[in-house]
Amino acid sequence: MAEPKDNVVMEKIVSLCKRRGFVFQSSDIYGGINGFWDYGPLGAELKRHVKELWWRSMTRMRDDVVGLEATIIMHPRIWQASGHVDTFSDPMCDCLLTRKRFRADQVDPQSGLAYHYSGARATVAGRALQAPYSVLLPPGKPPESARKVALQFYQARGLQNVELQGERTEKVENSQRYNPENGSLLTPPRPFNLMFKTYVGPVADEDNVAYLRPETAQAIFAQFKNVLETSRQKPPFGIAQMGKAFRNEVTPRNFTFRSREFEQMELEFFIPPDEAVEALRGRVATPSGPGHPGEPQPDWGWQLWHQYWVEERLRFYEGIGLPRTSLEEYWQKPEELAHYARATVDLLFKFPFGTQELEGIAARSDFDLSQHQRCSGKSMTVFDEELKTAWTKLEPAHQTELADRYRAARSRYLQRAGEPVEAAEKQAAEDATQLARGYYIPHVIEPSAGVDRLILALLTHAFAEEETTDEKGKKETRTLMRFHPRVAPIKAGVFPLLKNKPELVRKAREVRELLRPHFNVFYDEAGSIGRRYARQDEAGTPFGVTIDFDTLGEKPEALDTVTVRHRDDGRQERVPIRDLVAWLTARTV
RNA sequence: GCGGGCGUAGCUUAGUGGUAAAGCUCCAGCCUUCCAAGCUGGCUAUGAGGGUUCGAUUCCCUUCGCCCGCUCCA
């Protein structure tokens, strides 16, 4: 995925973002804070439009998705069930010589003779360094190789012509304290918690630790039963949520791409397990080829649902101005998948700094709800009357086959989750019995997108520079943001051709008031008309509405019409004022 | 977290151990009949803290931030 990086373009974009008010550094006047960014007036509008379009396409335009708005701080056990407490806090240690980082529990245990040193002295300058250090010498290697590593260590700390001090040796068995590659001592294991920790209530002690959510998804799983029971939905259906999430990233980089506080748009789409679909419909439909599989069908299995959501999401991106040519689909290889995932597709965008993930669409099996069922003790099953009836009509052999498949899958999950084999088998058999009675834990397809990454993608995709030559032959660079009109922060600029003609100004203000209830419009009378167009080009405003003398009736046939000027090509057309709202609506909604 | 580079106005850059310069932007006024025109005037900066010095934007230290590489990325 390595690509040539274009820093110059990124720097121009960052500069424009600040200059025009798209993105500012958080806490700027105090020197900023690493990994946090604010949206200025134009950025806030852009982000709002993107979120509204997502919410609209995911919930309002569909019968089968409902919304949720959960808190950022939740019961800490949620993060134990999800696995975040464990996976976010692996102790890490670094090689003292090469700085290479290891997960403390994954270092290959080493045996041999450890050479300990209390410090070293520079023979020429006479400088001494009191810094304990050790090297592990594997069996059969000469002691000189251990000393050589130790010399490198002290030389790296600024000593010349090193003389080692306080050498002593010690037998070591199966130690994880040394780098298997060079024998160098590692730093002590240090916890690496990527979740932001806080305390609920005024007393900050370990009993009331809580975390800022590192993803919005878990709230959806935790509220699954409440939503199911109140929304009159049943699988296949989804719960959508937008909201802030927090990760204490090791290295925030690439402008807003990897921030510590960021916003997600996530859908958890719940489907019956394939065994239930087969019992109900007699078969499980699987993808017949690439592309959008069309309207959802009752016999779809997880693979078709997964493909469906990948294609739906691609359509969404196309609809807001990111063509397929700007995106890449990456199907994770089996060895890259999380253990609970059956398939994951990353939608990548070609950023100037490399091709990077915008959204992941994961088929997550029934892992998430199962985890919460186990950890909370509350049932996460769905009852399907139709399934219960259909099951009784199956051939006994078919019943056995489906129940076996379901039981095996449940057992695999339970064993991976750490249940002893015997208990897992027993529980899985019970789950299979429940399936026959119409109860199952839904499987999940999860399209999970980063809002701020998408905003950055839109910004970098929209950014354009054009060389223009004015009438004096002077070359100029015109900067413009070619946002899709649907996401553009300002939909139209409204300008009187001249500022010092009160009748033009009055009419222009009327037009502004006419448009204001429908669109974000910007009135500007300062400077030449060309300058005002150029200012709006940098803000990415797709249309300029200019009130001139024809509007006032200089040419009677043009009375009450305005010039509409197109951002991308400077084209102009004449539109009657009474048609303006409809004209703009057709192009910006 | 480690190593390297950088930090002067809103932006892009200049410069100096002794009054901080310019272009663009922005604001006000005049002018202007469709693409950054012109004239006049104006606002705004040495990232922060400490040290050396009579005096520091310049030298030193610390810190914060940005960029690059490494590392990490459930």
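Below, chain A is the first sequence line, B the second, and so on; all start at residue 1.
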Looking only at rC34(B), rC26(B), rA36(B), the nucleotide nearest the Y533(A) side chain is rC34(B)
Can you tell me how far C1' in rU44(B) sits from the matching atom in rA9(B), rounded to whole Å?
-> 5 Å
Picking from rC34(B), rU33(B), rC68(B), the nucleotide nearest the side-chain atoms of I529(A) would be rC34(B)
Strand partner of rG7(B), provided both Watson-Crick or wobble distances fall under 3.5 Å = rC64(B)
Nearest to the side chain of W37(A) - rC66(B), rG10(B), rC34(B)?
-> rC66(B)
Side-chain contact check for Y340(A): nearest option of rA74(B), rG10(B), rC34(B) is rA74(B)
Spacing of E466(A) atom CD relative to rA36(B) atom P, expressed in whole Å | 13 Å
Among rC34(B), rU33(B), rU12(B), find the nucleotide with the atom closest to the side chain of S15(A).
-> rU12(B)
On a whole-Å scale, what distance lies between the C1' atoms belonging to rG55(B) and rG51(B)?
-> 14 Å
Under 3.5 Å, is there a donor-acceptor pair linking the side chains of T477(A) and E467(A)?
-> yes
Side chain of R531(A): nearest nucleotide among rA74(B), rC11(B), rU25(B)?
-> rU25(B)
Ring-face cation of R587(A) near W583(A) (centre distance under 6.0 Å, axis angle within 45°) | yes
Complementary nucleotide for rU40(B) - Watson-Crick or wobble, under 3.5 Å = rA28(B)
5'-most contact on RNA chain B: I33(A) or D548(A), nearest heavy atom basis?
-> D548(A)
So which nucleotide from rC34(B), rU32(B), rG10(B) ends up closest to the side chain of K499(A)?
-> rU32(B)
On a plain distance test, is the side chain of R253(A) in donor-acceptor contact with the base of rG69(B) below 3.5 Å?
-> yes
Look at the side chain of E249(A) against the base of rC73(B) and say whether a donor-acceptor pair falls under 3.5 Å; ignore hydrogens and angles.
-> no
Record whether the side chain of R565(A) comes under 3.5 Å of the base of rC35(B) through a donor-acceptor pair of N or O atoms.
-> yes
With RNA chain B as reference, determine whether G31(A) or H566(A) sits nearer its 5' end, using the nearest nucleotide of each.
-> H566(A)
Would you say rC11(B) has OP1 or OP2 under 4.0 Å from some side-chain N or O of K18(A)?
-> yes
Taking atom types as modelled and ignoring hydrogens, do the side chains of R574(A) and T563(A) form a donor-acceptor contact shorter than 3.5 angstrom?
-> yes
Consider only side-chain N and O atoms of Y413(A) and Q371(A), and report whether a donor and an acceptor are under 3.5 Å apart.
-> yes
Side-chain donor/acceptor of T563(A) to base of rC34(B), under 3.5 Å | yes
Does any nucleotide pair with rC2(B) by Watson-Crick or G-U wobble geometry, both distances under 3.5 Å, and what is it?
-> rG69(B)
Just checking, R531(A) and Y533(A): is the charged tip under 6.0 Å from the six-membered ring centre and within 45° of the axis?
-> no
With no angle test and no hydrogens, is the base of rC73(B) tied to the side chain of R258(A) by a donor-acceptor pair under 3.5 Å?
-> yes
Under 4.0 angstrom, heavy atoms only, what part of the nucleic acid is F24(A) near: base, sugar-phosphate, or nothing?
-> nothing
Of all the nucleotides listed (rG65(B), rC27(B), rU33(B)), which has the minimum atom distance to the side chain of L497(A)?
-> rU33(B)
Polar side chain donor-acceptor pair, E45(A) to Y39(A), under 3.5 angstrom | no
The Watson-Crick or G-U wobble partner of rA21(B), with both key distances under 3.5 Å, is rU13(B)
Could you check whether Q25(A) gets within reach of a base, just the sugar-phosphate, or nothing at all, counting any heavy atom under 4.0 Å?
-> sugar-phosphate
Over 12 non-hydrogen atoms of neighbours within 6.0 angstrom of CZ in R416(A) | no
rC59(B) pairs with, by Watson-Crick or G-U criteria that keep both distances under 3.5 Å = rG51(B)
Select one nucleotide: of rU33(B), rC66(B), rA36(B), the one nearest the side-chain heavy atoms of L498(A).
-> rU33(B)
Determine whether any donor atom in the side chain of N500(A) lies under 3.5 Å from an acceptor atom in the base of rC31(B), or the reverse, and answer yes or no.
-> no
With a 3.5 Å cut-off and just heavy-atom distances, do the side chain of Y30(A) and the base of rC64(B) make a donor-acceptor pair?
-> no
